[in-house]
Amino acid sequence: MVTTIQIEEKENHPQYAGFWIRFGAWAIDSVILGIPLLFFSNIIFALFISSMEIPNELLLDPASINALSDSEILSLLGSIMTAFFGTMAVCMFISLFYYSLFHASKWQATIGKKLLGLKVEDLKGNKLSFWRSLGRYIVSSLLSGILLIGFILAAFTEKKQALHDLIVGSIVVRK
C-alpha cells in the first residue's frame with residue numbers, strides 16, 4: 001500500500017533521466033532526422049553542383065583537370081565549397097528547428113525522447129519556451145560537443161543535467 005507521503009515525495013522529486021537513456025533518445029532522433037536529411041542534402045548538393053559551370057571535358061575525363069588553369073580550378077573549388085557549406089547550413093537549420101520546436105511543444109520532447117518516455121522541462125517543472133529551447137540546442141551544439149564533456153557531465157550531476165541543461169536551466173525527466 002502506498003502512503004500519502006510517498007506519493008507527495010514522488011511528485012516533488014521527478015525521476016531524472018540519466019546519460020544512457022538520453023543517449024538512446026539521441027540515437028533514435030539521429031536516425032529519424034538523419035535519414036531524411038541525408039536524402040535531402042544529396043538533392044541540395046546535386047542542385048548546387050548542377051548549377052555550376054563545369055567544363056565538359058572534365059565531366060568526360062576527370063584526369064583533364066590538369067588542362068585547367070589555376071583560376072578555373074579555384075573557381076570550381078569555390079563552387080564545390082559553396083555547395084558543401086550551403087548544404088550543411090540547410091541541414092543545421094532543419095536540425096535546429098526539429099529540436100527547438102519539439103522541446104517547446106506540448107510533448108516537451110523530440111520523437112526519440114517521447115518513445116523512451118522522457119520530457120524536457122525547466123527547473124520548476126514547466127514547459128520550455130521556444131526561445132529557451134532554441135538556446136538549449138545552440139548551447140548544446142556549440143559547447144557540449146567539445147570532447148562530449150558537456151554530455152558526459154549528465155552522469156555526474158545531481159539532477160543528471162548536461163552542460164546545456166545547466167546553462168539554460170532545464171532538466172530531462174521520465175514521465
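In what follows, every heavy atom counts, from backbone to side chain, and hydrogens, waters and symmetry copies are set aside.
- Residues satisfying the side chain to side chain contact (heavy atoms under 4.5 Å, CB included) criterion with A154, sequence neighbours excluded, are R22, A162.
- Of all heavy-atom pairs between A155 and F19, the closest is CB-CB, 4.3 Å.
- One distance of note links CZ of R174 with CG of L116; it measures 8.5 Å at 0.5 Å rounding.
- Under the rule for a ring pair (Phe, Tyr, Trp, His ring centres under 6.0 Å), the partners of F93 that lie at least two apart in sequence or sit in another chain are F97.
- Follow the hydrophobic side-chain contacts under 4.5 Å out from L74 and you never reach F85; the two are in separate clusters.
- Separation of atoms CG (D122) and NZ (K124) is listed at 7.0 Å; rounding is to 0.5 Å.
- R132 pairs by the salt bridge (charged side-chain N to carboxylate O under 4.0 Å, His left out) definition with nothing, not counting sequence neighbours.
- Partners of K106 by side chain to side chain contact (heavy atoms under 4.5 Å, CB included), not counting sequence neighbours: none found.
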Walk me through it: do I138 and L96 pass the test side chain to side chain contact (heavy atoms under 4.5 Å, CB included)? CA-CA 8 Å; I138 291 171; L96 176 98; 3.8 Å; yes
Is there a side chain to side chain contact (heavy atoms under 4.5 Å, CB included) between L123 and S170? Walk through the geometry before answering. CA-CA 6 Å; L123 296 175; S170 64; over 6 Å; no
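- Here the side chains of S100 and W131 are not in contact, with every heavy-atom distance at 4.5 Å or above.
- In this structure, NZ on K160 lies 11.0 Å from CD1 on I21, to the nearest 0.5 angstrom.
- No side-chain heavy atom of Y99 sits under 4.5 Å from any side-chain heavy atom of S133.
- Counting non-hydrogen atoms of neighbouring residues, nucleotides and ligands closer than 6.0 angstrom, the CZ atom of F130 exceeds 12 such neighbours.
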In residues 29-41, what donor-acceptor pairs under 3.5 Å come from side-chain atoms, sequence neighbours left out?
unit_1	atom_1	unit_2	atom_2	d
D29	OD1	Y98	OH	2.7
D29	OD1	T110	OG1	3.3
D29	OD1	G112	N	2.7
D29	OD2	T110	OG1	2.4
S30	OG	W26	O	2.9
S41	OG	L37	O	2.8
S41	OG	L38	O	3.0

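- Cluster annotation: L47 and I94 are assigned to distinct hydrophobic clusters (Ile/Leu/Val/Met/Phe/Trp/Tyr, side-chain heavy-atom contacts under 4.5 Å, transitive).
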Show your reasoning for whether side chain to side chain contact (heavy atoms under 4.5 Å, CB included) applies to V173 and E121. CA-CA 8 Å; V173 297; E121 54 189 35; 3.7 Å; yes
Could you check K127 against H103 for side chain to side chain donor-acceptor pair (under 3.5 Å), going step by step and ending with a plain yes or no? CA-CA 8 Å; K127 183 176 79 126; H103 285 155; over 6 Å; no
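- A distance of 5.5 Å separates SG in C91 from CD1 in I44, rounded to the nearest 0.5 Å.
- With sequence neighbours left out, the side chain to side chain contact (heavy atoms under 4.5 Å, CB included) criterion links K175 to K114, K119.
- Residues forming a ring pair (Phe, Tyr, Trp, His ring centres under 6.0 Å) with W107 (at least two apart in sequence, or on another chain): F102.
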Give the C-alpha distance, both sets of side-chain angles, the deciding distance and a yes or no for ring-ring contact (aromatic ring centres under 6.0 Å, His included) between H164 and F151. CA-CA 8 Å; H164 54 275; F151 294 112; 5.6 Å; yes
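- Linking ILVMFWY residues whenever their side-chain heavy atoms come closer than 4.5 Å, directly or via other members, leaves M92 and L101 in distinct clusters.
- For the salt bridge (charged side-chain N to carboxylate O under 4.0 Å, His left out) condition, no pair includes a residue of residues 78-90, sequence neighbours left out.
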Could you go through the side chain to side chain contact (heavy atoms under 4.5 Å, CB included) check for R136 and V120 one step at a time? CA-CA 10 Å; R136 183 178 187 272; V120 180; 3.8 Å; yes
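- Rounding to the nearest 0.5 Å places CG of L142 at 11.0 Å from CG of L163.
- Separating the OG1 atom in T157 from the CG atom in D165 is a distance of 8.0 Å, to the nearest 0.5 Å.
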